[in-house]
Number of protein chains: 2
Amino acid sequence: METLAEAAENGTDVCSVPPERHPRPDGQDSYTISEVVAFTGLTAHTLRWYERIGLMPHIDRSHTGQRRYCNADLDWLDLVGKLRLTGMPVADMVRYAELVRAGDHTYAERYDLLEATRRDVLARIAELKDTLAVLNRKIDFYADAGRAPASERR
Amino acid sequence: METLAEAAENGTDVCSVPPERHPRPDGQDSYTISEVVAFTGLTAHTLRWYERIGLMPHIDRSHTGQRRYCNADLDWLDLVGKLRLTGMPVADMVRYAELVRAGDHTYAERYDLLEATRRDVLARIAELKDTLAVLNRKIDFYADAGRAPASERR
DNA sequence: CGCTTGCTTGGAGTGCACTCCAGCGTTCTA
DNA sequence: TAGAACGCTGGAGTGCACTCCAAGCAAGCG
């Protein structure tokens with residue numbers, strides 16, 4: 001169990017919110033890159049690329065230099081995956097990662113960034129619902145038209 | 001007022017569902033590319049590119065060869081805009097445009113395409129709601145942490 | 001021990017959706 | 001009627017997010 005300050009120091013995210021289960025319990029959590037590929041659905045290329053651009057905390061290495069991911073890294077990748085499908089640019093996620101690495105004094109900035117993201121997500125959901133309505137009406141139209149001979153507008 | 005068959009023939013979409021108002025009434029609907037830019041928020045480059053790749057029906061031209069868009073074109077661009085923000089690839093939208101141009105006998109295929117899109121949209125909304133929940137918990141965490149001294153995990 | 005499979009690196013390549021450019025013709029305003 | 005602003009084309013360029021490559025080291029197995 002690590003303190004908040006420790007978590008901030010070693011670059012992992014402080015609040016690993018979801019109480020989801022990890023493949024291996026804390027303490028025995030050491031995953032090769034291909035295991036992480038299997039868990040996340042990302043490619044090894046992408047995982048290495050995330051690291052190069054600064055989107056990942058420092059990843060442990062084996063004595064021969066191979067990457068060994070831990071549970072906190074898996075949690076981080078989970079968050080990144082969620083943010084990615086909101087349409088958030090990778091550069092913004094890197095910004096957030098930098099704030100996490102920088103330590104506790106960046107809480108306010110992290111809050112602002114997440115709050116802005118939240119607004120974006122809310123707006124996107126609204127847009128999608130709007131699109132859904134249009135789609136539903138068109139689908140109804142084609143369903144009706146397939147049943148009756150094409151003769152009426154709407 | 002055009003019949004369904006006419007609409008299908010001239011390549012516009014048969015069911016222009018939303019009863020939204022156009023800048024000019026049918027009959028006087030003739031817009032330059034820059035007017036369409038103003039209405040849609042797209043760039044002129046993008047409008048010409050959409051035409052080149054087959055995403056637009058045939059656009060009228062003035063006697064000197066300049067584009068003159070009509071209300072139906074605006075409706076089509078509105079639909080394209082909505083589909084675009086669902087994340088649908090442009091190639092799929094081109095496919096739908098081809099089906100519309102091909103005529104009435106493609107109703108079943110259009111239905112299938114829209115139905116598949118609908119499922120995608122529903123799935124994306126669910127994903128976004130999931131992300132929103134994570135975001136909300138993190139935001140709450142940082143809001144609390146900003147108030148109290150950083151000392152407790154969560 | 002040899003073989004296969006996996007992991008390493010920097011750098012180059014890919015696909016998508018635009019985005020811009022040069023060089024020219026057209027239309028509008030004073 | 002001059003000048004600015006707008007529109008035309010084919011083709012090249014851009015930015016993003018990966019995606020792949022070559023060459024070499026490392027690990028597990030019969």
Side-chain angles (χ1 to χ4, degrees), chain A residues 30-56 58-70 73 76-98 117 120 124 127 131, chain B residues 23 30-56 58-70 73-74 76-98 117 120 124 127 131:
Chain A
S30 177
Y31 311 100
T32 65
I33 199 164
S34 60
E35 285 174 315
V36 177
V37 164
F39 300 144
T40 62
L42 297 168
T43 70
H45 296 301
T46 302
L47 286 169
R48 287 191 276 257
W49 177 66
Y50 277 0
E51 207 175 320
R52 256 195 291 181
I53 63 173
L55 184 51
M56 297 297 295
H58 266 63
I59 302 297
D60 269 7
R61 297 293 176 122
S62 71
H63 66 106
T64 54
Q66 298 194 350
R67 287 172 183 80
R68 294 293 178 253
Y69 294 82
C70 67
D73 298 330
W76 176 256
L77 283 169
D78 198 65
L79 173 65
V80 165
K82 287 207 181 331
L83 292 179
R84 199 169 47 119
L85 60 79
T86 68
M88 185 190 246
V90 167
D92 290 5
M93 291 190 263
V94 170
R95 174 81 191 125
Y96 183 71
E98 281 165 358
T117 304
D120 286 355
R124 187 132 321 153
E127 286 172 342
T131 302
Chain B
S30 176
Y31 311 100
T32 65
I33 199 165
S34 61
E35 284 174 315
V36 177
V37 164
F39 301 144
T40 63
L42 297 167
T43 71
H45 296 301
T46 302
L47 286 169
R48 287 190 277 255
W49 178 67
Y50 278 0
E51 206 175 321
R52 257 195 288 181
I53 63 173
L55 185 50
M56 298 297 296
H58 266 63
I59 302 297
D60 269 8
R61 296 293 178 120
S62 73
H63 67 104
T64 55
Q66 298 195 349
R67 288 171 181 80
R68 294 294 178 253
Y69 294 83
C70 67
D73 298 329
L74 256 30
W76 176 256
L77 284 169
D78 198 65
L79 174 65
V80 165
K82 288 207 180 331
L83 292 179
R84 200 170 46 120
L85 59 79
T86 67
M88 184 190 247
V90 167
D92 290 6
M93 290 191 264
V94 170
R95 173 84 191 122
Y96 184 71
E98 281 165 358
T117 305
D120 286 354
R124 185 132 321 151
E127 286 172 339
T131 302

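Proteins come first, then strands; the chains are lettered A, B, ... in the order of their sequence lines, and each starts at number 1.
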Rounded distance (nearest 0.5 Å) linking atom CZ of A:R84 with atom OG1 of B:T131: 11.0 Å
Just to confirm, is there a sub-4.0 Å distance from OP1 or OP2 of [N] to any side-chain nitrogen or oxygen of [X]?
| X | N | answer |
| --- | --- | --- |
| B:R67 | D:dT9 | yes |
| A:T32 | C:dC7 | yes |
| B:R48 | D:dG7 | no |

For B:R61, all residues meeting salt bridge (charged side-chain N to carboxylate O under 4.0 Å, His left out), sequence neighbours excluded: B:E51
Side-chain donor or acceptor of A:D73 paired with backbone N/O of A:C70 under 3.5 Å: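 Looks like yes, one N/O pair under 3.5 Å.
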Any donor-acceptor pair under 3.5 Å from B:W49 side chain to B:A44 backbone: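 Between the backbone of B:A44 and the side chain of B:W49 there is no qualifying donor-acceptor contact (under 3.5 Å).
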Chi angles and distances behind the side chain to side chain contact (heavy atoms under 4.5 Å, CB included) call for B:V94, B:V90: CA-CA 6 Å; B:V94 170; B:V90 167; 4.2 Å; yes
Nucleic acid footprint by protein, nucleotides 11-20 of chain C - heavy-atom cut-off 4.0 Å, B for base, S for sugar-phosphate alone: B-----SBBB
Nearest-angstrom distance from the residue atom CD1 of A:I59 to P of C:dT8: 11 Å
Whole angstrom value for the distance that separates P of C:dC7 from CD of A:E51: 14 Å
Matching residue for A:Y69 among A:T40, A:L47, A:T32, A:D60 - test: side-chain contact (heavy atoms from CB on, under 4.5 Å):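 For A:Y69, the side-chain contact (heavy atoms from CB on, under 4.5 Å) test succeeds with only one of A:T40, A:L47, A:T32, A:D60, which is A:L47.
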Test log, rule side chain to side chain contact (heavy atoms under 4.5 Å, CB included), inputs A:V37 and A:L42: CA-CA 5 Å; A:V37 164; A:L42 297 168; 6.0 Å; no
Can you check nucleotides 25-30 of chain C for protein contacts, nitrogen or oxygen pairs under 3.5 Å, and list what you find?
residue, atom, partner, partner atom, Å
C:dT26, O3', B:T64, OG1, 3.4
C:dT27, OP1, B:T64, OG1, 2.6

Mutual orientation of the aromatic rings belonging to B:W76 and B:Y96 [parallel < 30°, tilted 30-60°, perpendicular > 60°]: parallel
